[in-house]
Amino acid sequence: MASIPIIDLNDENAPELILHACKTWGFFQVVNHNIKESLIDEMEAAAKDLFALPMEQKLKAEKPPGDIAGYGVPPVCLSHPKRWWTEGFFIAGSPLEHARLLWPRGHKTFCDVVEEYQKEMNTLALRLFWLMLGSHGITKDDIKWAEIKSPYLQLNSYPACPDPSRASGLPDHTDSGVLTILYQNTSGLQVHKEGFGWVDVPPVPGALVVNIGDLFQVLSNDLFPSVFHRATANPTQYRVTLAYFFGPPLDVEVSPLAKLVDNSYPALYKPISWIGYRAIKVKDYGRAISKVRVCTQASENVDTDDDPNSA
Ligand SMILES: O=C(O)CCC(=O)C(=O)O
Ligand SMILES: [Fe+2]
């Protein structure tokens, strides 16, 4: 049975293994990533504390319509007409304003752990990002925005679901950003792989799951395609996941990197910012990437129908 690769970052072959995983799966797990287990435990506990608050308290930090940060159903669920057994909390920068609403007293612990987690995740994401791009001759001079810290963190909560045949965790989707680093406390994540269908991503002790997002597909001019994934509902166990999203500042436009474009392989995407892309995606979750795709001679041979089999 196929399974996504588990890569030891201390392995001297890690760069090649990562490149191979990105091109074949768009997903891999990393161990020996240098993120302290105690920090992950603290972040998991902080997320559980948040979701355990009474609903009326959580709603004080509800995401306003059109906004990205706060408590609510993950946006990917809104365009899918089904029951989703999940609640989420999106952090886009400092968590202070929302944490004050949730815990008028005693919010400092939450803020401290979130800020440390954002910082450490950004460091890991950058390390992986340069590992992937370095072998293609791309340097820091080619991507100025990479030095600006990415503070986006989605906390996901999936209560045990009494009847998983009637509801699910999270619909199939691709992530919008460049790279996602996910921690999961128990199983539920599935990745779509051509020829195999939906493949489980089992939690591995000490491992974090990494995947390619749509903006990396754009930046890499299709070298690293984003991949559809989803979360199933679990009938017995409470599941929490922490999804860190790495990408450019929301309003900075990205386009295929000049070093990955030439006359025989022209740029396949128009310049787009993360915020602009999200706006397209909210309207049309499944096909957003094809909306920023340019029709060139080279791309005419490429299947632009971004269903799970072609993403
Ligand atoms: O909770 C999971 O397993 C997946 C979460 C996810 O895909 C996301 O937040 O984008
Ligand atoms: Fe996702």
Side-chain angles (χ1 to χ4, degrees), residues 3-4 22 25-30 40 43-44 47-48 50-51 63 68-80 82-92 114 117-118 121 125 128 150-161 164 167-193 198-204 207-217 224-235 237-247 274 277-278 281-282 285-286 288-289 306 308 311:
S3 58
I4 75 162
C22 289
W25 282 91
F27 264 83
F28 54 94
Q29 306 214 48
V30 279
I40 298 175
M43 192 58 239
E44 180 184 346
K48 284 179 172 165
L50 189 160
F51 291 116
K63 194 185 324 204
I68 59 169
Y71 173 77
V73 176
V76 67
C77 296
L78 302 176
S79 55
H80 288 72
K82 203 185 158 183
R83 284 219 154 267
W84 302 105
W85 211 256
T86 184
E87 55 183 338
F89 189 82
F90 192 78
I91 301 167
V114 166
Y117 196 80
Q118 287 167 319
M121 284 291 139
L128 297 168
S150 189
Y152 307 107
L153 186 59
Q154 167 81 34
L155 314 179
N156 294 305
S157 163
Y158 307 93
C161 175
S168 199
L170 207 63
D172 46 315
H173 66 282
T174 56
D175 293 339
S176 304
V178 169
L179 275 178
T180 304
I181 304 178
L182 184 89
Y183 164 79
Q184 51 172 349
N185 72 335
T186 185
S187 57
L189 177 64
Q190 292 184 327
V191 170
H192 196 273
K193 170 100 174 122
W198 290 104
V199 177
D200 288 330
V201 182
V204 170
L208 294 165
V209 182
V210 181
N211 69 275
I212 305 289
D214 296 339
L215 289 188
F216 210 171
Q217 179 168 334
F224 304 128
S226 63
V227 174
F228 277 83
H229 53 285
R230 67 182 184 187
T232 57
N234 189 310
Q237 275 175 302
Y238 176 47
R239 181 163 185 265
V240 169
T241 66
L242 316 169
Y244 170 78
F245 300 116
F246 170 78
W274 199 347
Y277 187 66
R278 276 184 68 108
K281 205 156 182 177
V282 163
Y285 252 87
I289 193 86
D306 55 344

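Each ligand, and each atom within it, is numbered from 1 in the order the structure gives. Small disclaimer: the values here were computed from a predicted structure and weren't measured.
Put simply, the side chain of Leu153 reaches to within 4.5 Å of the side chain of Leu155, judged on heavy atoms. By the 4.5 Å heavy-atom criterion applied to side chains, Met121 and Leu242 are not counted as neighbours.
With hydrogens left out, the protein atom closest to atom 9 (O) of ligand 1 is Asn156 ND2, 3.1 Å, a heavy atom. Remark: minimum distance from atom 2 (C) of ligand 1 to any protein heavy atom is reached at Tyr158 OH, 3.4 Å.
Taking distance alone, with nitrogen or oxygen atoms compared against 3.5 Å, Gln154 stays at or beyond that limit from ligand 1. Looking at ligand 1, you won't find any N or O of Gln184 less than 3.5 Å from one of its N or O atoms.
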Please step through side-chain contact (heavy atoms from CB on, under 4.5 Å) for the pair Arg239 and Asn185, ending with a clear verdict.
CA-CA 6 Å; Arg239 181 163 185 265; Asn185 72 335; 3.7 Å; yes

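Looking at Leu170 against ligand 1, only its side chain comes within 4.0 Å, counting heavy atoms. Here Phe245 has side-chain heavy atoms under 4.0 Å from ligand 1, and that is the only part of it that gets that close.
For Trp25 against Ser3, the heavy-atom pair with the smallest separation is CZ2-O, 3.5 Å. Nearest heavy-atom pair across Leu179 and Ala125 is CD1-O, 3.7 Å.
Within ligand 1, the atoms closer than 4.0 Å to a non-hydrogen atom of Asp175 are 10 (O), numbered from 1 in the order shown. Distances below 4.0 Å separate heavy atoms of Thr241 from the following atoms of ligand 1: 1 (O), 2 (C), 3 (O). Heavy-atom contacts of His229 reach the following atoms of ligand 1: 7 (O) (cutoff under 4.0 Å). Here is the list of ligand 1 atoms found below 4.0 Å of a heavy atom in Ala243: 9 (O).
Ring orientation note: the planes of Tyr71 and Phe51 are tilted relative to one another, at an angle of 30° to 60°.
Within the structure, the closest approach of Arg239 to ligand 1 falls below 4.0 Å when heavy atoms are considered.
With Gln118 contributing its side chain and Pro151 its backbone, the two residues share a donor-acceptor pair below 3.5 Å.
Distances from the Fe ion (ligand 2) to the N/O/S atoms of Asp175 are shortest for OD1.
The aromatic ring centres of His229 and His173 sit less than 6.0 Å apart.
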